[in-house]
There are 2 protein chains.
Amino acid sequence: MKKIRLRIPATVANLVCGFDILGMAVHAPYDEMELRIWDSPEIMIHHEDLFGLPEEPSKNVAGIVLLKIQEHFNLSHGFEVIIRKHIKPGSGLGSSAASAAGAAFGANALLGNILSADEMIHFAMFGEELASGVRHADNIAPCIYGGITLVKSTHPLDIIPLNTPELFVAAVHPQVEVKTSDSRQILKKNISLKSAVEQWGNIAGLIAGIQKNDFSLIGRSLNDVIIEPVRSILIPKFDEIKMKSIEIGALGGGISGSGPSIFMLVEKKETAEEIAGMMKSVYDDTKIESLVYVSKINPSGIEIIEEA
Amino acid sequence: MKKIRLRIPATVANLVCGFDILGMAVHAPYDEMELRIWDSPEIMIHHEDLFGLPEEPSKNVAGIVLLKIQEHFNLSHGFEVIIRKHIKPGSGLGSSAASAAGAAFGANALLGNILSADEMIHFAMFGEELASGVRHADNIAPCIYGGITLVKSTHPLDIIPLNTPELFVAAVHPQVEVKTSDSRQILKKNISLKSAVEQWGNIAGLIAGIQKNDFSLIGRSLNDVIIEPVRSILIPKFDEIKMKSIEIGALGGGISGSGPSIFMLVEKKETAEEIAGMMKSVYDDTKIESLVYVSKINPSGIEIIEEA
């Protein structure tokens, strides 16, 4: 194989109570990436989008992943990569993870599937490190595995793919800036044992609900007493959107990753679309531009669109 | 029905990383309880064991549960109860929960099954309150439901019965005293977010492992970075027993409830028996008397032995 074209999905990290350990792939939005092997050792990155991301390989999230793979396998050849990003950087929808995971997945396919899923994740984490300073896998893992994944630990890497409930996701990305690093810094370093116990009751309930396809239990478990009360302050209209979504019929939801996007899990497509409409109109009313997305949970992650 | 005889199993609360939310029923040890309705409004408790527990109904764990049920349903009749306790009070194996759950379960059967499982748990929690000052359900829930249960919250009561993996439990009760109240007081009121995240990675992994029957994942998840390092100090030989159990082949394990009993989850019966032998000999060597138990996880909880 000389060339591969990929569709790389957005991902929702944390899933409310699963801070730093859970993530979920969706279908929309997604990035497109085309990778080809060439004989020169150079790595060339072209962004065919308007986000102004650096194209120098060592400063580009996809580029650094390819450099690490090239170095690890002592490859004599390089890669040319064309990226059409639709997942906005800074949206909280796993934009950097999509670039990183796409690069690792694409390179692996071009090299004849020499990497396991966990090895792809290992290399992709260098991209996350470049983007945010933290080698985390909560967006990369669902991007590679699809569905919902548990990152039980990153050192050593221990990733558990979970069941994929047949649920819809309504998400809104209000066009306000929340930097991952800021949104990490405002978190308290210490928490009470009491709220930790409440949180792990919710996380345990959420995992049980996901594995049993028990939608009511999933809904009852989507509560975050630790991170959301702090981070949601950075997101305009968060409380209103969450309350109205649940009134309309969402099982529950909250901040996607470190925000500012908000997601809701919903049983029916029509309900998800109604919620997306409400989300848009709440931001329209306050003159904040927003993008909304409705899709099912994506059970398969990155998709190969073309290979040649 | 006028009379019922029950076998009420011991239970292991916490399951290492699930402090205050998880519990599991075993087959051994167990209590025996005989309940009968009589026409006088009195509640009579007889203990046919040597633990010297108070028999005055309002001061007896089973008695207080029956008083609450009598009061709630405005019953004109009373109960006579004979208890043969084999689960030692203060063992950390759910001794008070067995009395409380047995009373609620027995009264319910005698009254024609007027209570749901959660209502039985509601009444049994008055017994736990009398015993330890805390209305907790982590031992009562598996006693009533059997298997492994998640107490997602106690206010409101939200209990999730989980899958029962085909595993053996080896447990040892060293005859040293650790009071639940002491063992609660030494816990830190605040913990770091970092260790909380590690803990909820483990709890999420444990629930996923239980639901998927993934024994390796169960083993990798039986780690407690918050409670065990503090509480295990109160239990002589804890580290040695845990280390040797895992060397012999246990998936993992730790403190049962608030101790001093220690339990291990094991795939094969022979391995569980070997571990129990090692546990006994470690305490023999240090002149601490101990009782050991080997049984499977008990999928059904309280068992009716006789009804008339």
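All values reported here derive from a predicted model rather than from experimental measurement. Each chain gets a letter, A, B and so on, in the order the sequences are listed, and its residues count up from 1.
Contact count against chain A (heavy-atom pairs under 4.5 Å) is highest for B:L193 among B:V197, B:I226, B:L193. For chain B, the option among A:I227, A:L187, A:L217, A:V151 with the highest count of heavy-atom pairs below 4.5 Å is A:L217. Between chain A and the residues B:K188, B:Q199, B:R220, B:K194, the largest count of heavy-atom pairs under 4.5 Å involves B:R220. Contact count versus chain A (heavy atoms, under 4.5 Å) is highest, among B:D158, B:D20, B:N202, for B:D158.
Between the side chain of A:W200 and the main chain of B:A204, no donor-acceptor pair closer than 3.5 Å is present. Distance alone, capped at 3.5 Å, places no donor-acceptor pair between the B:K152 side chain and the A:L206 backbone.
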Query raised in the report: Under the side chain to side chain contact (heavy atoms under 4.5 Å, CB included) criterion, do A:I191 and B:N190 qualify, and how do the steps go?
Result: CA-CA 6 Å; A:I191 60 174; B:N190 291 296; over 6 Å; no
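Here the closest heavy-atom approach between residue B:A208 and residue A:I160 is recorded as CB-CG2, 4.5 Å.
Side-chain atoms of A:Q211 and B:N163, non-hydrogen and from C-beta on, never get closer than 4.5 Å to each other. Annotation: side chain of B:E198 is not in contact with side chain of A:S153 (no heavy-atom distance under 4.5 Å).
For a residue to count as touching a neighbouring chain, one of its non-hydrogen atoms must lie under 4.5 Å from one of that chain's; by this rule B:S221 touches chain A with backbone and side chain alike. With a 4.5 Å cut-off on non-hydrogen atoms, B:L22 does not touch chain A at all. Only the side chain of B:I21 comes within contact range of chain A, with at least one heavy atom under 4.5 Å from a heavy atom of that chain. Only the side chain of B:I203 comes within less than 4.5 Å of a heavy atom in chain A; its backbone stays farther off. Looking at B:I210, neither its backbone nor its side chain comes within 4.5 Å of chain A, counting heavy atoms on both sides.
Annotation: the span from B:K189 atom NZ to A:S192 atom OG amounts to 10.5 Å, rounded to 0.5 Å.
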